[in-house]
Amino acid sequence: MGTYSKIFKPLLDKMAGVAASVILFPVFAVVVLLQLLVCQSNPFFLQKRPGKGEKIFTLIKFKTMCKSKEIKGELLSDLERLTPLGAFLRATSLDELPQLINVVKGDMSFIGPRPLLVEYLHLYTEEQRKRHHVMPGITGWAQINGRDKISWEKKFELDLWYVENISFRTDIKILCKTVLEILRALIARKYEHVSVPKFSGTNTTSKGCFK
């Protein structure tokens, strides 16, 4: 890892994280209020995820699904629980907004491989584990090159490319493309959600489910 990755990137993340938190606080507050009106419960989704060096931290997101239950008391399917507001938050990546807190805390970076589930750790190959050599990000190289529409193997390939080619120029490119994708979603008003299969090991498949 070079000087940028070890020194300048963490410093830039902290500074930009604080600035973005202040600037976007009105948006943050509006989403919290809307979530409270829609789901009438805690608007935040908290989950343990592995970060740099596979150190476990608590990831913070806005909830996109309500805990609606059937008559028998069992949770409805992910698709049935996904609210219109939740679909909008996912499409525009606003559900990731609380992760600015993770960035300021030093758990995450703005740019890096997405932090996945802890349960996946034992399934990675030695090569795939290298994605944990850098700080996980709110957005990343895989997110602007297919996001949830590409295979797990392709995602890991893109993540590893980023780990090996991390630079200020690459980070700016990823950030700009992420902003463009968000603007496209807003302009087109196309808030699609993609069913993502759980990772169950390289060259294996499983039934679709939400991430």
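Below, all heavy atoms of this structure are taken into account, side chains as well, without hydrogens, waters or symmetry copies. None of these values were measured; they are calculated from a predicted model.
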(request) Begin from the C-alpha positions of Q143 and K177 and carry the test side chain to side chain contact (heavy atoms under 4.5 Å, CB included) through to its verdict. (result) CA-CA 10 Å; Q143 279 59 55; K177 285 198 172 184; over 6 Å; no
Same cluster or not: are [X] and [Y] linked, directly or through other Ile, Leu, Val, Met, Phe, Trp or Tyr residues, by side-chain heavy atoms under 4.5 angstrom apart?
X	Y	result
L180	L175	no
F156	M135	no
F45	L34	no
V27	V30	yes
I172	W141	yes

Gap between atom [atom2] of [Y] and atom [atom1] of [X] - 0.5 Å precision:
X	Y	atom1	atom2	value
R90	T64	CZ	OG1	3.5 Å
D95	F88	CG	CZ	10.5 Å
Q47	F57	CD	CZ	10.0 Å
K155	L160	NZ	CG	14.0 Å
L97	L89	CG	CG	9.5 Å
L116	L121	CG	CG	9.0 Å

(message) Regarding E119 and K198, does a basic nitrogen lie under 4.0 Å from an acidic carboxylate oxygen?
(response) yes
(message) Taking R147 first and then E181, would you say they form a salt bridge - that is, a charged N and a carboxylate O separated by under 4.0 Å?
(response) no
(message) Do D13 and S109 pair up side chain to side chain, a donor and an acceptor below 3.5 Å, judged on atom types alone?
(response) yes
(request) Would you kindly say whether D171 and Y162 are connected by a side-chain donor-acceptor distance under 3.5 Å? (result) yes
Validation row: [X], [Y] side chains within 4.5 angstrom (heavy atoms):
X	Y	answer
W161	T170	yes
K9	I111	yes
P136	M108	yes
L59	Q99	yes

(message) I'd like to know whether T3 forms a side chain to side chain contact (heavy atoms under 4.5 Å, CB included) with F8, so could you lay out the CA-CA distance, the side-chain angles of the two residues, the decisive distance to 0.1 Å, and finally the verdict.
(response) CA-CA 7 Å; T3 303; F8 292 109; 3.6 Å; yes
(message) Is the distance between the ring centroids of F44 and F62 under 6.0 Å?
(response) yes
Exam field: side chain [X] to backbone [Y], donor-acceptor pair closer than 3.5 Å:
X	Y	answer
N102	T58	yes
Q128	T125	yes
T83	G86	yes
R49	P115	yes
R114	A142	no
K14	V104	yes

If you take all heavy atoms of [X] and [Y], which pair is closest and at what distance?
X	Y	result
L117	P50	C-CD, 4.1 Å
V163	P113	CG2-CG, 4.5 Å
I166	S5	CD1-OG, 3.8 Å
V103	G17	CG1-CA, 4.3 Å

(request) Only pairs at least two apart or in different chains count here, so list each side-chain hydrogen bond (donor to acceptor under 3.5 Å, both in side chains) that has a residue in residues 17-43. (result) none
(request) Can you run down the disulfide (SG to SG under 2.5 Å) pairs that involve residues 15-64, sequence neighbours left out, and say none if there aren't any? (result) C39-C66
(message) So, using salt bridge (Lys or Arg N to Asp or Glu O under 4.0 Å) as the criterion, who are the partners of K154 when residues are at least two apart?
(response) E157
(message) I150 vs L158, test: side chain to side chain contact (heavy atoms under 4.5 Å, CB included). Steps then yes/no.
(response) CA-CA 10 Å; I150 56 178; L158 293 170; 3.7 Å; yes
(request) Kindly check if the number of other-residue, nucleotide or ligand heavy atoms within 6.0 Å of CZ (F168) is above 12? (result) no
(request) Let me see the working for L12 and Y4 under side chain to side chain contact (heavy atoms under 4.5 Å, CB included), right down to the final yes or no. (result) CA-CA 10 Å; L12 289 172; Y4 168 69; 4.2 Å; yes
(request) Quick one: sort the Y124 and H132 rings into parallel, tilted or perpendicular, breaks at 30° and 60°. (result) tilted
